[in-house]
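Note that the structure is a prediction, hence the values are computed from the model and not measured. In what follows, chains carry the letters A, B, and so on, assigned in the order in which the sequence lines appear, proteins first and then strands, with residues in each chain numbered from 1.
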Amino acid sequence: MKKLKQLLASGALLTFVSGLTHADYGLNMPVGVTETSRQVYDLHMLILWVCVAIGVVVFGAMVYSMIYHRKSQGAVASQFHESMTAELVWTVIPFIILIVMAIPATKVLIDMHDSSEADMTVKVTGYQWKWRYEYIDEGVDFFSSLDAASNEARQLGSDIDPATVENYLLDVDHPLVIPVGKKVRILLTAADVIHAWWVPDFGWKKDAVPGFINEAWVIVDEPGIYRGQCAELCGRDHGFMPIVVEVKSEEDYAVWLTAQKDTAAAAKLAAIEDLDPRELKMKGKKVYRSTCVACHQKKGEGVPGVFPAIKGSVVATGNIDKHINLVMNGKAGTTMAAYKDQLSDVELAAVITYQRNSLGNKVGDVVQPKEIAALR
Amino acid sequence: MATVIDTHDDHHDHGPASGLMRWVTTTNHKDIGTLYLLFSLIMFMVGGAMAMVIRLELFQPGLQFVDPSFFNQMTTVHALVMIFGAVMPAFVGLANWMLPIMVGGPDMALPRMNNWSFWILPFAFAMLLGTFFMDGGAPAGGWTIYPPLVLQGGDGFPFMIFAIHMMGISSVMGAINVIVTILNMRAPGMTLMKMPLFVWTWFITAYLLIAVMPVLAGAVTMLLTDKFFATTFFNAAGGGDPVLFQHIFWFFGHPEVYILILPAFGIVSQIIPTFARKPLFGYSSMVYATSSIAFLSFIVWAHHMFTVGMPLQGELFFMYATMLIAVPTGVKVFNWISTMWKGSMTFETPMLFAIGFVIMFTIGGFSGLMLAIAPADFQYHDTYFVVAHFHYVLVTGAIYAIMASVYYWIPKWTGHMYSEKMGQWHFWISTVSVNVLFFPQHFLGLAGMPRRIPDYSVQFAEFNMWSSIGGFVFGLSQVFFCYIVYKTIKGGEKATDQVWEGAEGLEWTLSSPPPYHSFTEAPEVK
Amino acid sequence: MSLEHAYYIPHDAKWPIVGSIGLTLLLGGFAAQLNGSSAAGMAMLVGFLVLVYMMFGWFGEVIDESEAGTYTKLEDVSFRMGMAWFIFSEVMFFAVFFGALYYIRIFSLPWLSGEGAGVATQEFLWKGFENVWPSNGPASVGGEYEKMGPWGLPAINTLILLTSGVTVTWAHWGLVANKRKQLIMGLAATVLLGFIFVGLQALEYSHGYNELNLTLGSGVYGSTFYMLTGFHGFHVTVGAIMLTVMLYRSMKGHFTPENHFAFEAAAWYWHFVDVVWLGLFIFVYWL
């Protein structure tokens, strides 16, 4: 009850203050930063004003009638109840208005469907609950999930005020980076359930359907950081898989791309080395907190009946090969995904070691990255 | 054609039996109508309670009360309960009560089946709501139950599937009964084009129901076999397609939307002439418009799925067809306004709700037209703009019409006038709060808030808070509505047979409340 | 005119609630069974028996009323319309599965194999997949299998069902002409053909499962094949049971040349499953 009161009080305060200070909240669709988004915005405004105009006429007539044709004003009811002319008029005129709206809509739609002659291609795969970005022909491939600060604050009962977190729920660890002014073809698919990739400033969203690829494209005019969210219900953490796109100048993009390739090479090297158990556990904790915690919970207790516990579980305290297999290949028909594509050898080794030797488990064995690599 | 009854059973009582078994075994259309309406009211409160949980969690950014998976269960079951448990049974209840009387018939054509149509529902909903207590909780994949997400459900999944099957059986039987009643039970002289519009709209609705409920049944059956019997209808690995489900679902779903609104059109077309004291303008064009809407509803389904990645030709076709719906819908609105024009209006509660319907449904219609434009829909889709849109057409549309009809006919049903003062209060509190609740959601959606999320970034905080406050007030005002209904059943000023000065139609020629068997003589139809 | 006698309104319907209980036990039991509950089979059985009891009771009551001359032309029309609309709802149910087959063959398989909008789908996800019907999809779900050809059992079954359509019509002529013997013989032949059809269908399934490795899990081909023919087979069984009841009633001397709605309803239903079969033969077995 106290909590509720607190909420109401702070809520009321928030309204008044924010009305004065946050002048930047949006009421309307963003104009966006692409040709498409501007076309869509114009279309949106066109229909909106058409609707407003019709609304003024229709509601105006209604209000007039309600004021002047009321019994208390002494109005006597006419008995007319038919007019072919009227029916024709209000069938034909709306029809013409519709045609006027359909013409620009058709044009925009045709443009949006043309993803030919792209300068580069990024394959985007939706996972529960993160995005994977693969730069086709570049060998750059990474996952993008909710950033740590938001993730901590969004836990039930975290007691962290979201207002203190920068870009709360709209920030990720590794944003998608693309060059400005280039036509980027985006191939959308999903690994588990349907997701939808949406950055409002780009002017469109599209579903990521498992087993199929949808094509879309974008040319961004200005460098900057653009944020969006998954727009198709995809399970428990649907609200927590944002999209961040960093649009860089061509030179900066080239620098970034080289750095990414170097990091990838370094990671490959690292996978050959053995790590000491303590380091594995430390790395594992990080992976666990970003990847496993959503379902299996902070202390590995799970959610009874929905997500099994890791603490004291048969898998995490039993045969290690079975444990590795489950994490790498997932379990069909459940939310437990196959993580072999989502995590690197080091990350897999680390998180499995962590699960077996933490969260109340004390098995004492260790998995090294090269053992994982051998299983691929 | 007309009345009743026990031809060979002389000692049989012509009134109702007493006790609980009266309600379990009744074949009387009014009893069954009452059961439907009460059931619908209970479900309205259950679904409303879930909406309150949703609005409570969304009151502020951050997660304060429920786990995200429970939140998803709330949004999913809220929708299922409101659509299949509140709005549809309310309309069927109204049909049961009013159709036989309005066409001057003795009862529904198939009275025993009528009983079964109702008595499946409590079992179906017990099954659906029972899933909350199972491992994995209630279905949480959205009321649209898209695979593959819905296939991840826990023990509740098959129960939900079978609950939907049962609701479908109930709806199809109910709809068959409505059609047969209208075609076969009319009083002499009650030609089709003399039928009140409520009868007409229900006639068309029943046709839609019979056409699409089996489609839903087929769709959920495929879900069941995909999960438990290794079929791959919705799995690309086996050659299927998750999007196939969406096509089938919306082939059901779009006509379903009209199932939820056509009877409301009928109700409003009854009420406005009464309180304008003027005959309905353009009766025949109303009938044709309703039929056109029903026809179009079968060829527009994919506008719910513009973003799934259809070929261009598909998107263009569904965009054009959807835009066309604006024409007959517009005709209806213009006819209502012309009915009011130069009338002699008074504004009792039913009229207030009917006018509220016309205005706010039209707002929902406008946002619907915006959503029809495919390129713009790429921005609107799956945001709060859509949430605002369908709540305008369903809450201030369908539910407002149901409220209007309750105030309009409750004097006839109970023989008591409701308290006009309370009714007016109910209307004004509801109307102010419902707009505080849903209007800001347009802005939220345009500004980029996706639907079906339990938490949001802080820029959306303010409108969400307003929306929640509106929601709580709207919720409370419906509790007040329950009280008004209870009070009217219990007593109140005696209602006349005519009830409303401008009312016309067979229902007003009967006493208030009508005798257990409505017409003992075939009524004369003017 | 006094309308006291115009339309029969039954009272005290106790069967619907029995039906609801039976249906809930059957479906709830089935759901629990799918979740792996061990006691669920019992609930299903009880539910099924309750439903059978309900049908005996309910239809029995209606038959008694009908035989007692309670119904006039008006009730008869209600029943007819009711049955016609029920069959329409069944048509829509089958339309879903035919629609799914259509979508899979016209859209999803071509896309998966890189046609039309599916270029990237094939290139990045299902490299090398070619669309040849029948298909169990790019991942060859369910493993190697063989197609169920049209010209063996299915052709014979087509003949059987078409013949049964003729015999039921012949029985109807007998009924209208008040030739009781022709009615009974026609019905008996129809029922026999109906059950032979179901038996052959069962044989075909066992052939599919045991020799062709064609199962429900054989990708979309297996899914659509068994779901369509399975639901059809179920409807044939129901229709044959309905006709069996009609046969029994005919032998007991029910029906008159003027008044035999139940017979006609069963016959309509039979023609409906007949037509569905023609669709199946063409779209599932042949094309």
(request) Could you look at Ser117(B) and say if it's the side chain, the backbone, both or neither that has a heavy atom under 4.5 Å from chain C? (result) neither
(request) With rounding to the nearest 0.5 Å, note down the distance linking OG1 in Thr181(B) to CE in Met81(C). (result) 10.0 Å
(message) Which atoms of Ile169(B) are under 4.5 Å from chain C, going by heavy atoms: the side chain, the backbone, both sets, or neither?
(response) side chain
(request) Pick one of side chain, backbone, both or neither for Val172(B), based on which atoms fall under 4.5 Å of a heavy atom in chain C. (result) side chain
(request) Please look at Trp58(C) and chain B and tell me whether the side chain, the backbone, both or neither of the residue comes under 4.5 angstrom of a heavy atom of that chain. (result) side chain
(message) What's the separation between atom CG in Leu27(C) and atom CE in Met166(B), rounded to the nearest 0.5 Å?
(response) 6.0 Å
(request) Could you tell me which portion of Met83(C) (side chain, backbone, both or neither) has an atom closer than 4.5 angstrom to a non-hydrogen atom of chain B? (result) neither
(message) So for Leu224(B), is it side chain, backbone, both, or neither that comes closer than 4.5 Å to the heavy atoms of chain C?
(response) side chain
(request) For the residue pair Phe97(C) and Phe233(B), categorise the inter-ring angle as parallel (less than 30°), tilted (30 to 60°) or perpendicular (more than 60°). (result) perpendicular
(message) With a 4.5 angstrom heavy-atom cut-off, is it the side chain or the backbone of Phe129(C) that approaches chain B, or both, or neither?
(response) neither
(request) Can you tell which part of Ala206(B) gets under 4.5 Å to a heavy atom of chain C, answering side chain, backbone, both or neither? (result) neither
(message) If you count heavy-atom pairs within less than 4.5 Å of chain C, which of Ile248(B), Ile179(B), Ile120(B) leads?
(response) Ile179(B)
(message) Report which part of Phe228(B) has an atom under 4.5 Å of a heavy atom belonging to chain C: side chain, backbone, both, or neither.
(response) side chain
(message) Which atoms of Leu244(B) are under 4.5 Å from chain C, going by heavy atoms: the side chain, the backbone, both sets, or neither?
(response) both
(request) Specify which of Ala95(C), Ala32(C), Ala31(C) makes the most heavy-atom pairs with chain B at under 4.5 Å. (result) Ala31(C)
(message) I need the Met108(B) CE to Tyr7(C) OH distance, nearest 0.5 Å.
(response) 10.5 Å
(request) Working to the nearest 0.5 Å, report the span between CG of Asn184(B) and NZ of Lys73(C). (result) 10.0 Å
(message) Using heavy-atom distances under 4.5 Å, tell me whether Phe252(B) contacts chain C through its side chain, its backbone, both, or neither.
(response) neither
(message) Between Thr224(C) and chain B, with a heavy-atom cut-off of 4.5 Å, which part of the residue counts as in contact: side chain, backbone, both or neither?
(response) both
(message) Parallel, tilted or perpendicular, judged at 30° and 60°: which one describes the rings of Phe88(C) and Tyr207(B)?
(response) parallel
(request) Heavy-atom distances under 4.5 Å only: say whether Glu90(C) touches chain B with side chain, backbone, both or neither. (result) neither
(request) Find the distance between OG (Ser223(C)) and CZ (Phe234(B)) and round it off to the nearest 0.5 Å. (result) 10.0 Å
(request) Heavy-atom distances under 4.5 Å only: say whether Ile210(B) touches chain C with side chain, backbone, both or neither. (result) both
